[in-house]
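Okay, structure first, notes after.
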Amino acid sequence: MSDLHKSDQDTLSGWGWMALLLGAVFMLGPFYFMFVFATLPRTEIFSVPPPLFFGDHFLANMAILMKKIPFWINLGWSLYVGLASTALTLLFCSMAGFAFAIYDFKFKNALFSVVMGTMLVPAFLGMIPTFLIMDALHWIDQPRALYLPGAAPAMGIFLMRQYISSAIPKELIEAARMDGCGELRIYWSVVVPLLGPAFGTLGLIAFIASWNNFIGPLVVMRSVEMYTFPLALRSVQSPVDTEWGALMAGSAIAVIPLLIIFIFSSRRLIEGLTSGAVRG
Amino acid sequence: MKKLLTSIVALLLIFNAYAEQKTLTVAAYPSVDEIIKTALIEWKKKHPDVDIKVVGREYADHHTAMTTALATATSLPDVMTIEYGYLGRFAQSGALEDLSQPPYRANDVAKKIVPFAMAQARTQAHGQIAIPTDIGPGAMFYRNDLAQKAKVKDAELTESWDSFIESGKKIKSATGAYLVAHARDVKDIVIRTGIPADEGVYFDSRGQSVVGTSPRFQKGFELAKKIRTEGLDAKVNAWSGEWGESLKRGNVSVQMMGAWLGGHLANWLAPNTAGLWRSTALPERAATSWGGTFYAIPKKAQNKELAWDLISYLTLNRQQQQLAFEKFNAFPALLDAQSGPFFEQPVQFLGGQKARIEWKNTASQIEPTRVFKHDTIAEEIVNAELDLVLLKGKPIDQALKDANSQIQRRARR
Amino acid sequence: MKPIIKPSIAPYVLISPFIILFLAFGLFPILFSFVLMFHTWDPVQGLASMQFVGLENLAFAIDDPLVWTSLGNTLWLAVASGLPQHLIAIPLAYLINEKLGRWRNAVMGAYFLPYITSTVPIAMMFSTLFSTDYGMVNAMLLKLAQTPLFQHVLPNTNVDWLGDPKTIKPIVAFVVFWRYLGFNIILYVAAMQAIPRDQYEAARMDGAKSFQQFWYITLPQLKPIMFFGVTLTIIGGLQLFEEPFILTGGKGGMEYAGMTTAMYMYRTAFDYNDYGLASAISWMLFIIILAMTILTNKAFKGKEVQA
């Protein structure tokens, strides 16, 4: 039995490996070009056949980019807003998700529909009214206008609710209550430590959404020094005269912090519940 | 407590003094933002106490941000850059200063500027809402080497549209190169030729669509169709990667566009083809313009006088206009700037041709065209119908009729 | 220890940040958009220029062939890009979770890269790859078309991927799929992490093969996350904007084959300066998204009760 079992696993591994690798190449293929473009001068980028090898223009492109925008400042703002946004999102969404998952309260369904409803308005239609609000609050040109409004995204609450209701058994909550824990204490000391994978996932999503968001800053920021990175990169694009090499170099750099965050959070994904604190 | 109060007062005074320093906000897109930054070096010497903020955004982002600012009447810059394509839409806003009024008195300096460009920014209801800073007089850039190989002379290309097409056939059979990048380009020029005064490209003086009735559109569509059926266009869209590649490789022998294209070709589009191109007039002496940059002052701006000072410098100062042309390909709208050594210079990229003088002559022949709010939709609808004609063989009169009714439907709103 | 907050009001305390943020930033745009649906407004003319027109915008939208074309495109794209995202993500996530040891992070990272890249380089990459005369895809296809195997199947002229109305939709669907596959893989891997290992152990003892373990243990417990992921895909699919926008140069492609409803809304508001009509269209889309979400809810609710 174990022999059959073993060979069956190997076959799956073989095919599995092939599929995964093929897929990974597929995913990465286009990026190869992005990085190649980042190292070439503008005149060579659009040649045909597409350039396949790295050039030596990376530093030159970076120099062009840094002359056009306050590169490090923009990067810094993106980082600051991203971290603030992520921290708040994790906190607020886990709180709300916990409430929806564990409790039965009046208006629960109505409120959850409201939560879902907020997912339904496209960003650009909200530009003008959001601008009015920010102006009334005097938050124009301020980072808090970027990380506060979206700090409790419906999607995050939804995710947390699904995760908590499936991964955290009610018995645990009951046990804590019987031990005399207050509700908030239950949330903080019992549930939060078990949210590893969900925090990893939501944190990643939240950071990426914040990092790549350019509609928010477009509306709210009035000075180049306050731009976040994607907006600054876009401002380098001219209708006729774009420095493509510099743009690609900037885009390549924009991906790196996200990759780093990904590496961090994927470790939490692995930790998970395997320590058996919940079941068994 | 007293100490606290004193320090608070002191701080307030400091902030106040800080606030006294004026800040001029200028909103623009590339490369106009670069032009402005270059100009500021000189301008700041005359205004050392002024703090200047240049807010650069991508072309569409910039206009979206300006739309938002106009919509809410907040966060408006002191100097607003508007590109020709958006002029029609912004002109009707009623939120831009009439620059012909005091203290600007733009009419006094109007004759210093190319007339058609000034006229484009003049509206009946709101006056002179913007000042042009650069223009794009139309030119035909053609590959001299390919034309010679096909034994096609300059005059054959420009005499008439029919001879233009005949030349195209010769070039195609002799060299394999296409005549134009896209049949649509020809249509674009034809519909902009021979526009009656006080009318726009798509609309007449009463705002009614002329697409169904004007012979320009009929002719434009017919020529485009002929070019397509003869296989003379490369079917590439301007500014796409393929277009750039076609220019580099000589797959496209003619490109008609604003004179500024010459600079782009030389700098990065097709530097390898230096010396092979020449510039000449458009067929049938058509005189049209491509694009153009304008400066406006919002009514709600904080520093309007200062804004006008800067705009005057950018648009009326000969050195500045010429500098913008030399460095950034921005063809001067200031008549005075359209002369001088730079203009007399032979252009190396064009095989030593003194093209800039020719462009200046074209510029003086361009007639003003009224801009309308619905120009953009009209252009799209017409292009969509042209696609149907070119790709699906839709009959031209049907296409024009449909385009006309669609435009009317939308323009009523 | 006495509980500080009573269980009865605890939920309200916990969702208060969301409620406050919603009231401050979420409600107004929704109301604004709703009010504007009944007005005609050219944003450039300022707030005061809004004019009440009742149901005229809705009437115009219903009568507008482009609205229906874009809706058709949107639905097609939502399904064509959404279905593969999940059908392929789940087995891949299983493989990644079970079979990869040290390579797990690297592979997940590779799949995740498309999701974290902004649209500008993506637009460049794909328009270069799918370029009619100069793209790699066509170059490869042409080479393959020479071989006897594919000679009669593949065309031997260049395919105008981005220009031909027949092909632009599949391309957009592909790019969307490419972009979000990794996201769903992450989601499912996280969910699979939560399934206790001992269930698999027990199954293995009983002689269950990998596939059976997957079908009977993994899949049922993925339902909550699947519900989440599918809902997100549906909503995202129906609101598709960025990918078609960049692949068609913002215009919607030949015969508007690549124009989604969200794109049409954007153009109506900011290119045609008809904000009222854009709002009306957005609410039409909202109704559809709401309907689809309710349907999804019902579909999964049944399965949730079972689990």
Side-chain angles (χ1 to χ4, degrees), chain A residues 1 8-9 12-13 16 20 24 27-28 30-31 33-34 48 50 92 95-96 98-99 103 105 116 118-122 124-126 128-130 133 149 151-152 155 157-159 162 166-167 180 182-184 197 201 208 212 230 248 251 254-255 258-259 262-263 266 269 272-274 279-280, chain C residues 1 3-5 7 10-11 14-15 17-18 21-22 25-26 28-30 32-33 43 95 99 105 107-114 116-118 120-121 125 128-129 134 136 139 186-187 189-190 193-194 196-198 207 209-210 224-225 227-228 232 235 239 262 265-266 278 282 286 289 293:
Chain A
M1 183 171 80
D8 166 57
Q9 268 208 313
L12 195 61
S13 277
L20 283 175
M27 292 290 130
L28 291 180
F31 285 93
F33 286 110
M34 176 167 93
V48 165
F92 292 158
M95 282 167 67
F98 175 66
Y103 298 95
F105 52 97
M116 297 299 288
T118 60
M119 281 205 248
L120 304 168
V121 180
F124 48 82
L125 274 193
I128 291 184
T130 304
I133 299 174
M155 187 251 263
I157 299 180
F158 191 12
L159 175 65
Q162 295 302 104
S166 73
E183 299 304 305
L184 292 188
T201 312
I208 292 170
N212 279 335
M248 286 298 114
S251 304
V255 166
L258 298 178
L259 268 181
F262 171 74
I263 293 173
S266 65
L269 285 173
L273 296 170
T274 54
R279 318 239 175 151
Chain C
M1 239 184 59
I4 312 165
I5 310 253
L14 287 165
I15 61 176
F18 166 72
L21 286 174
F22 174 71
F25 301 106
F28 182 61
I30 296 179
F32 191 81
S33 167
L95 288 172
K99 306 298 176 192
N105 273 355
V107 173
M108 286 215 289
Y111 277 96
F112 205 55
L113 213 45
I116 60 183
T117 314
S118 74
V120 171
M125 293 190 278
T128 317
L129 280 173
Y134 308 121
M136 293 226 89
I186 302 284
L187 221 52
V189 167
Q193 291 286 317
R197 308 301 312 169
D198 44 1
K209 295 201 203 133
S210 272
I225 290 295
F227 176 41
F228 173 71
L232 233 57
I235 295 180
Q239 288 184 328
M265 268 194 266
Y266 173 80
S282 83
F286 171 92
I289 297 180
T293 314

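First the proteins, then the strands, lettered A, B, ... as listed; each starts at 1. FYI, side chains are in, hydrogens and waters are out, and symmetry mates aren't considered; it's all heavy atoms of this structure.
- Both the backbone and the side chain of C:Phe228 come within contact range of chain A, judged by heavy atoms closer than 4.5 Å.
- Only the side chain of A:Met248 comes within less than 4.5 Å of a heavy atom in chain C; its backbone stays farther off.
- Side-chain N or O atoms of A:Asn212 include one that pairs as donor or acceptor with a backbone N or O of C:Ile116 at under 3.5 Å.
- Proximity of A:Met155 to C:Leu232: side-chain heavy atoms (C-beta onward) are separated by under 4.5 Å at one or more points.
- Taking C:Phe18 as the reference, nothing meets the ring-ring contact (aromatic ring centres under 6.0 Å, His included) condition, with sequence neighbours excluded.
- Ranked by heavy-atom pairs shorter than 4.5 Å toward chain A, the options C:Leu113, C:Val107, C:Leu21 are led by C:Leu113.
- Both the backbone and the side chain of A:Leu159 come within contact range of chain C, judged by heavy atoms closer than 4.5 Å.
- A 4.5 Å side-chain heavy-atom check between A:Met34 and A:Val255 finds at least one atom pair inside the cut-off.
- Using a 4.5 Å cut-off between heavy atoms, A:Ala151 contacts chain C through both its backbone and its side chain.
- Going from atom CD1 of C:Ile225 over to atom CD of A:Gln162 covers 6.5 Å, rounded to the nearest 0.5 Å.
- Proximity to chain C (any heavy atom under 4.5 Å) is shown, for A:Phe31, by both the backbone and the side chain.
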Item to check | Pair C:Phe22-C:Ile15, side-chain contact (heavy atoms from CB on, under 4.5 Å): steps then yes or no | outcome: CA-CA 11 Å; C:Phe22 174 71; C:Ile15 61 176; over 6 Å; no
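- Within the 4.5 angstrom heavy-atom criterion, atoms from both the backbone and the side chain of C:Tyr111 approach chain A.
- Interface remark: A:Ile128 contributes backbone and side-chain atoms alike to the contact with chain C (heavy atom separation under 4.5 Å).
- For the pair A:Leu258/C:Thr117, no side-chain contact is recorded, criterion being any heavy-atom separation below 4.5 Å from C-beta on.
- Both the backbone and the side chain of A:Pro149 have a heavy atom closer than 4.5 Å to some heavy atom of chain C.
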